[in-house]
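Hydrogens, waters and symmetry mates play no part in the numbers below; they use all other heavy atoms, side chains included.
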Amino acid sequence: MNSLIELPSNNNYSVYFVPKGKGKWRKITAPSDELKSFQKKLMGELEKLHVHSSAHGFVKGRSISTNAFPHVKKKFVLSMDMKDFFPSIKRDMVEATFEFYQIDKRYIDYVLFEEGLPQGSPCSPTISNLYCHNLDLELSYFASQNQLSYTRYADDITMSGDNFDKTIIETIKAIVKRHRLVVHPRKTKVMWRNQRQIVTGVIVNDKLSMPVEKRKKMRALRHQYQNLPIGEKRVLAGLKGFDTSIKNGKITMEER
């Protein structure tokens, strides 16, 4: 990729924390306006590069529903999260990725914070997808050799199939570790056909569908729309987008 983007004059971030439930907080590192503008331009260029077909997060033409679709009607669905995903992708990992894709290395200082990918940067998701290409390659090969389906949405790994073996979990952990990332020890879940199987928030037992509690909330907010505060209107917009993604995903995937 050629050097097309002017470098910003600063590399400044604002750091703040947002609640993520159960008394825990997520650290957000927000770039300055000038730096964010640069990162958005870089993101636009990086999005032109090839990422693995198993990666569905932050990829044009793919979504939560395309990520969920391969896991419909499976006897088991295995969900695993990678811990501290963006910050775990360090400078040397980014440098190797930029070298492989022939991206100007002068950009590296402007996509890192404390020597890792920051949570608040517009281009962190795209860079992480590029870095994870070999991880996706190895996990998808393992899946194909074992009659399993594999997808990844950012830090969420999903595998599904009809024959479960506990060694699947250990193999995935080992593959992830080889790529210098770590599976979260408390976020591994096996969902069976007699349970509600959910992939990136989408029910996949028999077809793609929205969980009933989300659908009920969306209907309730629609009825109260004129009197909703701005925050609740944003929640409704998010639920509508979620519903649209599922419907569009059904059409997109079933036509393939």
Side-chain angles (χ1 to χ4, degrees), residues 20-22 51-59 61-85 88 125 128-129 132-216 242-243 245-256:
K20 61 176 185 177
K22 297 183 179 180
V51 299
H52 196 275
S53 59
S54 297
H56 291 262
F58 313 101
V59 181
R62 305 178 202 175
S63 65
I64 56 169
S65 54
T66 63
N67 182 69
F69 188 84
H71 308 291
V72 171
K73 294 184 178 180
K74 299 296 176 67
K75 287 187 179 178
F76 79 90
V77 176
L78 170 63
S79 173
M80 305 175 80
D81 280 14
M82 289 182 277
K83 186 178 180 182
D84 299 326
F85 183 53
S88 295
S128 69
N129 277 337
C132 284
H133 183 273
N134 288 339
L135 170 66
D136 292 331
L137 198 65
E138 194 168 349
L139 286 173
S140 62
Y141 178 76
F142 168 74
S144 67
Q145 293 297 105
N146 291 275
Q147 293 76 54
L148 302 171
S149 297
Y150 162 68
T151 61
R152 180 180 60 81
Y153 194 100
D155 59 347
D156 294 335
I157 291 172
T158 307
M159 280 206 189
S160 63
D162 295 327
N163 298 300
F164 179 73
D165 187 313
K166 288 183 179 179
T167 59
I168 293 172
I169 294 175
E170 295 308 313
T171 301
I172 293 171
K173 286 181 179 179
I175 292 172
V176 170
K177 187 176 181 180
R178 276 201 292 274
H179 294 273
R180 300 174 58 192
L181 298 168
V182 179
V183 170
H184 198 297
R186 295 187 301 276
K187 293 188 177 180
T188 294
K189 186 176 183 181
V190 181
M191 296 164 280
W192 304 96
R193 283 286 288 161
N194 62 346
Q195 300 174 296
R196 188 166 70 164
Q197 297 170 317
I198 297 184
V199 178
T200 44
V202 182
I203 297 174
V204 297
N205 290 68
D206 296 302
K207 61 180 182 178
L208 299 185
S209 60
M210 179 187 283
V212 63
E213 59 270 22
K214 288 190 176 182
R215 192 166 294 283
K216 284 181 178 179
F242 184 87
D243 191 37
S245 175
I246 293 173
K247 291 174 180 175
N248 289 346
K250 288 179 185 178
I251 296 169
T252 302
M253 299 304 290
E254 288 171 2
E255 286 179 345
R256 289 184 177 183

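Ring pair Phe76/Phe164 is perpendicular by interplanar angle, where above 60° counts as perpendicular and below 30° as parallel. Between Tyr153 and Phe58, the angle of the ring planes lies from 30° to 60°, which puts this pair in the tilted group.
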(request) Under the side chain to side chain contact (heavy atoms under 4.5 Å, CB included) rule, what do Val204 and Ser160 come out as? Steps first, then yes or no, please. (result) CA-CA 11 Å; Val204 297; Ser160 63; over 6 Å; no
(request) Apply the test side chain to side chain donor-acceptor pair (under 3.5 Å) to residues Asp136 and Ser54: give CA-CA distance (whole Å), side-chain angles for both, the deciding distance (0.1 Å), then the verdict. (result) CA-CA 6 Å; Asp136 292 331; Ser54 297; 5.8 Å; no
(message) Show, in sequence, the C-alpha distance, side-chain angles and deciding distance for Val199 and Phe69, and conclude whether the side chain to side chain contact (heavy atoms under 4.5 Å, CB included) test is met.
(response) CA-CA 9 Å; Val199 178; Phe69 188 84; over 6 Å; no
(message) side chain to side chain contact (heavy atoms under 4.5 Å, CB included) for Asn146 and Ile168? Distances and angles first, verdict last.
(response) CA-CA 9 Å; Asn146 291 275; Ile168 293 172; over 6 Å; no
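Under a cut-off of 6.0 angstrom, the local environment of CG in Asn163 is sparse, with at most 12 non-hydrogen atoms contributed by other residues, nucleotides or ligands.
The distance from atom NZ of Lys83 to atom CG of Leu181, rounded to the nearest 0.5 Å, is 13.0 Å. Rounding to the nearest 0.5 angstrom, the gap separating the NE2 atom in His184 from the CD1 atom in Ile157 is 13.0 Å. Rounded to the nearest 0.5 angstrom, Leu148 CG and Leu139 CG are separated by 11.0 Å. Expressed to the nearest 0.5 Å, how far NE2 of His56 lies from CG of Asp156 amounts to 12.5 Å. In this structure, the separation between OG on Ser53 and CZ on Arg62 is 6.5 Å, given to the nearest 0.5 Å. Between the NZ atom of Lys73 and the NZ atom of Lys75 there is a distance of 14.5 Å, given to the nearest 0.5 Å.
Minimum heavy-atom separation, Gly61 to Thr66: O-CG2, 4.3 Å. What you find for Thr200 and Ala68 is that their closest heavy atoms are OG1-CB, 4.3 Å. Taking both residues in full, the closest heavy atoms of Asp84 and Ser88 are given as O-OG, 2.6 Å, listed atom of the first, atom of the second, then distance. Asn129 and Ala55 make their closest contact through OD1-CB, 3.9 Å (heavy atoms, listed as atom of the first residue, atom of the second, distance). Between Ile169 and Met80, the closest heavy-atom pair is CG2-CE, 3.8 Å.
Gln147 places none of its side-chain heavy atoms less than 4.5 Å from the side chain of Asp162. Thr151 is listed as a side-chain neighbour of His71, based on a closest heavy-atom distance under 4.5 Å. Residues Thr188 and Leu78 meet the side-chain proximity criterion, which asks for heavy atoms closer than 4.5 Å.
Here the rule is side chain to side chain contact (heavy atoms under 4.5 Å, CB included) with Arg152, and of Met82, Met159, His52 only Met82 fits it.
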Distance-only donor-acceptor pairs under 3.5 Å for side chains of residues 171-179, two or more places apart:
residue: Thr171; atom: OG1; partner: Thr167; partner atom: O; Å: 2.8
residue: Arg178; atom: NE; partner: Glu138; partner atom: OE2; Å: 3.1
residue: Arg178; atom: NH2; partner: Glu138; partner atom: OE2; Å: 2.2
residue: His179; atom: NE2; partner: Glu138; partner atom: OE1; Å: 2.9

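Partners of Asn205 by side-chain contact (heavy atoms from CB on, under 4.5 Å), not counting sequence neighbours, listed by chain and number: Arg193, Arg196, Gln197, Ile203.
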